[in-house]
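In each ligand, atom 1 is the first atom listed, and ligand 1 is the first ligand listed. What's counted below: heavy atoms across the whole structure, side chains too, no hydrogens, waters or symmetry copies. Since this is a predicted model, take the numbers as computed values, not measurements.
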Amino acid sequence: MAITISPITPNFVAEIFDVDLTKPLIATDIDAIKAAFWKYSVLIFTQQNLNQDQQLAFASLFGPVERERTLDPKATPSRFNGAFSDISNLTSEGKIWAGDSRQRMYKAGNKLWHTDSSFKYLPALASFLYADTTVPVGGHTEFADQRAAYDALSEKEKKEYSDLIIEHWIVHSRKRSGFSDFNEDEKKRLPPVPQMLIRLIPESQRKSLYVASHAGRIFGKAQTEGRALIDRLLAHVTQRQFVYTHRWRPQELVMWDNRCTMHRGTDYDDLRWIRDMRRVTVSDCANTCEQAGMSREKSLHYSFG
Ligand code: OGA
Ligand code: MN
């Protein structure tokens, strides 16, 4: 039986039924899931009961898995190997984290609107977040459609923004959420990087905004002016009409297109309930400036002095 696609809105978010991700998929199902993904950008697979290998196998169909973790594993050990981000509120020993733990401080940044890995020179294509244990109150994940937000800009704005390049840096978003405790190794591994503000998504041929809380400066604009525009765009993209709120059920996988959506986690009582989630992320094909035609050399040497 072929998969069933059940859209939540006409062009954003769909639920996929009649598929078992614990088993290798047949080619026609893979093609149908990919086509749905390019159209809807967020896909929900409920009742999957995936182990780590199965989650990894499904994610690998979409690109190379990111294996380098953002935080230094020595300073902040994880329950998982490098292929998984621990999105739970658990320590490496599986206990609920302490109120003042480094993990908790760092992960508070996930409650800001962002897209995964835009702060890496080679950003992310897609993320695959699996919920093992969910919480009874709060702990939702919200998604915003940056393509629809682009479509809603005026022609003047579209033109004005089309060539803008933004500096993304993990330090920008963590400053916003109150975490500044990066060690030397982390700072060295995570320098600021350039990304286009507007990008074309090849599969759908739709244009999209590409902003996130990781964005801090706009090339060629004064710091305050650039920051004001970034804040305005974050507010624009996250207006209610562009946002879907996902209420998690256990044993559920949600995948999203980091190229053209933002997401954020909502609050829950993380010192009381266990929310056990793990994420795999796959890389895009190139930096967004390179995708827009800039040479690798120029893009790599982009400086904001
Ligand atoms: C993520 C993320 C938010 C949440 O997994 O990348 O930002 O709801 N998650 O936990
Ligand atoms: Mn995220």
Heavy atom of His114 under 4.0 Å from ligand 1? yes

Enumerated ligand 1 atoms positioned under 4.0 Å from heavy atoms of Gly265: 3 (C), 4 (C), 8 (O)

Sub-4.0 Å heavy-atom approach of Arg279 to ligand 1: yes

Should you measure from each heavy atom of His263, which atoms of ligand 1 turn up under 4.0 Å away? 1 (C), 2 (C), 6 (O), 7 (O)

Is there a polar contact, in the sense of an N or O pair closer than 3.5 Å, between Trp256 and ligand 1? no

Check this for me, if you would: do Glu66 and Lys120 make a salt bridge, where the nitrogen-to-carboxylate-oxygen distance has to be below 4.0 angstrom? yes

Per-atom contacts of ligand 1 with Leu129, taking only distances under 4.0 Å to non-hydrogen atoms: 5 (O)

Look at Arg227 together with Glu167 and state whether they make a salt bridge at an N to O cut-off of under 4.0 Å. no

Aromatic plane relationship, Phe182 with Phe179 - under 30° parallel, 30 to 60° tilted, over 60° perpendicular: perpendicular

Which of the ligand 1 atoms, numbered from 1, are nearer than 4.0 Å to a heavy atom of His140: 8 (O)

Geometric N/O contact Thr141 with ligand 1, under 3.5 angstrom: yes

Using the ring of Phe128 (Phe, Tyr or Trp, six-membered ring only), decide whether Arg279 places NZ or CZ under 6.0 Å from its centre and within 45 degrees of its axis. no

Evaluate Trp248 for polar contact with ligand 1, using N/O atom pairs at a separation under 3.5 Å. no

Test of proximity, Thr266 against ligand 1: N or O pairs below 3.5 Å: no

I'd like to know if Glu142 contacts ligand 1, where contact means a heavy-atom distance under 4.0 Å to any ligand atom. no

